[in-house]
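Worksheet for the structure shown next.
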Amino acid sequence: VLADNLKGRVAQLKGSMQEQQTQLDAKQADLLNMQTRIRRYEALRSQGLVGEPDRALWVELLQESHRQLGLPGVITVQLQGAKPLATGAAVAVPVAEVSPTDPLVHDLQFEIRDSLETDVLALIEDYRTKVKGRFRVNACKLQDPKDSGLTVQCVLRFISLPLASEIVPSS
């Protein structure tokens, strides 16, 4: 009888151990998944896609690139206010309708007079290597050709996502 009780207890403990091993395997798989996602998230943060963007630095770095490349003329820069991406950045959306987790669009406009197309391309490429954040050239207008060059107006569109810690719970 004692041997039967001990055999039953051993079988019960083996079953419990096997159940715990299954739970441990699941938890380790979850941990690996989280570590992978954290690395991806940190990569996005380091690229400037996640978190509070340093908008003032965007402007300074564009002006610095223009100056360091020794491009002619003066660059004028205007940074538009952030807008939700879902609106296509063309339509004003009431603040109450914007989710704090929505991606934001930041349009950085610049104008250079008396410039060549190659100068503009060099400026954008140099700027891309310096700035923290991802952008695309949303539009460029080349106009008013003269012997000294063109007037160039471009819009660089940055996109950012707020950090989870920057999201304030609604009360």
Side-chain angles (χ1 to χ4, degrees), residues 32-171:
L32 182 61
N33 184 31
M34 289 297 290
Q35 289 171 333
T36 300
R37 291 181 185 271
I38 287 171
R39 282 192 295 273
R40 287 181 185 165
Y41 175 78
E42 289 302 325
L44 293 174
R45 279 191 62 183
S46 70
Q47 294 170 8
L49 291 171
V50 176
E52 187 65 30
D54 192 347
R55 292 167 42 95
L57 185 60
W58 291 347
V59 172
E60 290 173 25
L61 288 174
L62 185 60
Q63 292 168 331
E64 179 182 309
S65 286
H66 182 267
R67 184 176 55 258
Q68 284 182 343
L69 291 172
L71 299 179
V74 176
I75 185 170
T76 57
V77 182
Q78 183 179 14
L79 182 58
Q80 302 294 318
K83 298 175 189 168
L85 177 64
T87 65
V91 180
V93 175
V95 174
E97 294 178 24
V98 176
S99 166
T101 59
D102 283 347
L104 299 175
V105 170
H106 312 264
D107 284 345
L108 176 63
Q109 301 173 344
F110 70 88
E111 179 178 295
I112 307 172
R113 296 183 185 275
D114 301 325
S115 187
L116 302 174
E117 297 93 333
T118 55
D119 293 340
V120 176
L121 292 173
L123 173 66
I124 292 171
E125 285 309 307
D126 185 69
Y127 181 61
R128 190 179 305 276
T129 64
K130 293 177 181 176
V131 73
K132 184 178 178 181
R134 292 275 187 96
F135 68 88
R136 71 175 187 176
V137 178
N138 201 53
C140 264
K141 188 190 317 183
L142 308 172
Q143 59 189 13
D144 198 21
K146 298 178 185 173
D147 290 339
S148 58
L150 301 163
T151 297
V152 179
Q153 297 171 326
C154 291
V155 177
L156 306 180
R157 178 162 285 176
F158 287 84
I159 296 178
S160 67
L161 293 166
L163 281 174
S165 63
E166 294 172 354
I167 301 172
V168 179
S170 56
S171 43

Residue pairs passing the ring pair (Phe, Tyr, Trp, His ring centres under 6.0 Å) test where at least one lies in residues 63-86, sequence neighbours excluded: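 Qualifying pairs, neighbours excluded: none.
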Beyond-backbone contact of Leu156 with Asp107, side-chain heavy atoms, under 4.5 angstrom: no
Heavy-atom check, side chain of Trp58 versus side chain of Pro53, under 4.5 Å: yes
Among Ile124, Ile75, Leu57, the one residue meeting side chain to side chain contact (heavy atoms under 4.5 Å, CB included) with Leu62: Ile75
With sequence neighbours excluded, residues passing salt bridge (Lys or Arg N to Asp or Glu O under 4.0 Å) with Glu125: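 Partners of Glu125 under the salt bridge (Lys or Arg N to Asp or Glu O under 4.0 Å) test: Arg128.
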Qualifying residues under salt bridge (Lys or Arg N to Asp or Glu O under 4.0 Å), relative to Asp54, sequence neighbours excluded: none
Salt bridge (charged side-chain N to carboxylate O under 4.0 Å, His left out) pairs, two or more places apart, involving residues 68-77: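 Every pair satisfying salt bridge (charged side-chain N to carboxylate O under 4.0 Å, His left out) with a residue in residues 68-77: there are none.
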All pairs passing salt bridge (charged side-chain N to carboxylate O under 4.0 Å, His left out) where residues 143-156 contributes a residue, at least two apart: Asp144-Lys146
How would you list, by chain and number, every residue that makes a side-chain contact (heavy atoms from CB on, under 4.5 Å) with [X], sequence neighbours excluded?
X	answer
Arg40	Thr36
Pro72	Asp119
Arg67	Glu64
Val59	Gln63, Val77, Leu79, Leu108

CZ/Arg113: more than 12 non-hydrogen atoms of other groups inside 6.0 Å: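 No - once you tally the heavy atoms of other residues, nucleotides and ligands closer than 6.0 Å, there are 12 at most.
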Heavy atoms from other residues, nucleotides or ligands near NZ of Lys141 exceed 12 (cutoff 6.0 Å): no
Test side chain to side chain contact (heavy atoms under 4.5 Å, CB included) applied to Arg134 and Ile159, step by step: CA-CA 7 Å; Arg134 292 275 187 96; Ile159 296 178; over 6 Å; no
First locate atom [atom1] of [X], then atom [atom2] of [Y], and finally report the distance between them rounded to the nearest 0.5 Å.
X	Y	atom1	atom2	answer
Glu117	Leu121	CD	CG	8.0 Å
Gln143	Leu150	CD	CG	9.0 Å
Phe110	Leu123	CZ	CG	5.0 Å
Asp114	Leu71	CG	CG	12.0 Å
Thr151	Ile112	OG1	CD1	10.0 Å
His106	Leu85	NE2	CG	10.0 Å

Pairwise disulfide (SG to SG under 2.5 Å) hits with a residue in residues 107-143, at least two apart: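 Passing the test, one end in residues 107-143: Cys140-Cys154.
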Pairs involving residues 71-80, ordered by first then second residue, that meet side-chain hydrogen bond (donor to acceptor under 3.5 Å, both in side chains) (sequence neighbours left out):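 Residue pairs passing side-chain hydrogen bond (donor to acceptor under 3.5 Å, both in side chains), neighbours aside: Gln80-Gln109.
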Those residues that, when tested against Tyr127, pass ring pair (Phe, Tyr, Trp, His ring centres under 6.0 Å) (two or more places apart): Phe135
Asp126 to Thr129 - nearest heavy-atom pair and separation: O-OG1, 2.6 Å
